[in-house]
Amino acid sequence: QVQLVESGGGLVQAGGSLRLSCAASGRTFSSYAMGWFRQAPGKEREFVAAVNWSGGSTFYADSVKGRFTISRDNAKNTVYLQMNTLKPEDTAVYYCAARYSLSANRKIAEYDYWGQGTQVTVST
């Protein structure tokens, strides 16, 4: 069992930056690939970024590529999402997810555990 707790969300102006953190419980964090997803009001949850067990392989949605960076610190059981040059369309609840696999994946159904989410609001 893995418990995930996100933090770092908030209100930011367009063009600004935020860093989301996701702290995981348990001693086997490095056995999990990690992902970030988001869900805007009235829309389906969508993939944002994912990282493999070591941090050496990452994937991004086209909409965030070049602006967002996912990383992890296995010693701290934490995964991060650095978000730069934020746009109003980035406004959503952001969720951290864990996949019991060494490989990252873009598909929601491939993830086993989910956090409660953190709200990110980007104003114009």
Side-chain angles (χ1 to χ4, degrees):
Q1 191 80 1
V2 175
Q3 292 186 327
L4 304 172
V5 179
E6 302 98 335
S7 61
L11 174 64
V12 63
Q13 288 189 330
S17 298
L18 282 175
R19 188 175 83 154
L20 305 184
S21 299
C22 173
S25 65
R27 296 178 293 176
T28 58
F29 180 67
S30 60
S31 297
Y32 292 82
M34 300 298 295
W36 285 98
F37 296 79
R38 67 187 182 186
Q39 187 166 16
K43 295 187 177 181
E44 294 186 351
R45 193 169 298 189
E46 65 176 6
F47 169 75
V48 175
V51 62
N52 74 335
W53 72 278
S54 67
S57 179
T58 57
F59 299 96
Y60 297 93
D62 289 343
S63 59
V64 307
K65 200 171 294 182
R67 300 188 297 122
F68 291 10
T69 303
I70 188 170
S71 62
R72 65 188 297 160
D73 185 338
N74 286 346
K76 295 182 178 180
N77 283 13
T78 303
V79 62
Y80 305 97
L81 185 68
Q82 177 67 45
M83 306 186 294
N84 299 328
T85 319
L86 282 160
K87 304 175 181 181
E89 51 263 43
D90 295 318
T91 295
V93 177
Y94 283 70
Y95 297 90
C96 170
R99 177 177 189 245
Y100 188 56
S101 170
L102 300 183
S103 301
N105 196 286
R106 302 170 182 266
K107 297 180 180 178
I108 292 172
E110 292 291 329
Y111 286 80
D112 304 297
Y113 302 100
W114 292 82
Q116 292 300 307
T118 185
Q119 176 70 47
V120 171
T121 303
V122 185
S123 64
T124 56

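Side chains are part of it too, since the values below use all heavy atoms of this structure and drop only hydrogens, waters and symmetry mates. The model shown is predicted, which means the values in this text are computed figures rather than measured ones.
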Does the side chain of [Y] come within less than 4.5 Å of [X]'s, by heavy atoms?
X: Arg67; Y: Asp90; answer: yes
X: Phe68; Y: Leu86; answer: yes
X: Val2; Y: Tyr100; answer: no
X: Phe47; Y: Phe59; answer: yes

Closest approach of Asp73 to Tyr80 (non-hydrogen atoms, all atoms of both residues): CB-CE1, 4.1 Å
Non-hydrogen atoms of Ala50 and Ala104 that approach each other most closely: CB-CB, 3.8 Å
Expected list for residues 3-17: side-chain donor-acceptor pairs under 3.5 angstrom, two or more places apart:
{"from": "Glu6", "atom 1": "OE1", "to": "Gln116", "atom 2": "N", "distance (Å)": "3.1"}
{"from": "Glu6", "atom 1": "OE1", "to": "Gly117", "atom 2": "N", "distance (Å)": "2.9"}
{"from": "Glu6", "atom 1": "OE2", "to": "Cys96", "atom 2": "N", "distance (Å)": "2.8"}
{"from": "Glu6", "atom 1": "OE2", "to": "Gly117", "atom 2": "N", "distance (Å)": "3.2"}
{"from": "Ser17", "atom 1": "OG", "to": "Asn84", "atom 2": "OD1", "distance (Å)": "2.9"}

Residues Leu81, Arg38; criterion side-chain contact (heavy atoms from CB on, under 4.5 Å); working and verdict: CA-CA 12 Å; Leu81 185 68; Arg38 67 187 182 186; over 6 Å; no
Should [X] and [Y] be regarded as members of a common hydrophobic cluster, given that ILVMFWY residues are connected when their side-chain heavy atoms come within less than 4.5 Å of each other, either directly or indirectly?
X: Tyr95; Y: Val51; result: no
X: Tyr113; Y: Ile108; result: no
X: Val48; Y: Ile70; result: yes
X: Val64; Y: Val93; result: no

Spacing of Met83 atom CE and Arg19 atom CZ [to the nearest 0.5 Å]: 11.5 Å
CH2-CZ distance between Trp53 and Arg72, expressed to the nearest 0.5 angstrom: 9.0 Å
Any donor-acceptor N/O pair, Asn74 side chain to Ser30 backbone, under 3.5 Å: no
CD (Glu89) with more than 12 external heavy atoms under 6.0 Å: yes
Of Tyr94, Trp36, Phe37, the residue whose pairing with Trp114 passes ring pair (Phe, Tyr, Trp, His ring centres under 6.0 Å): Phe37
Arg99 versus Tyr111, side-chain donor and acceptor atoms under 3.5 Å: no
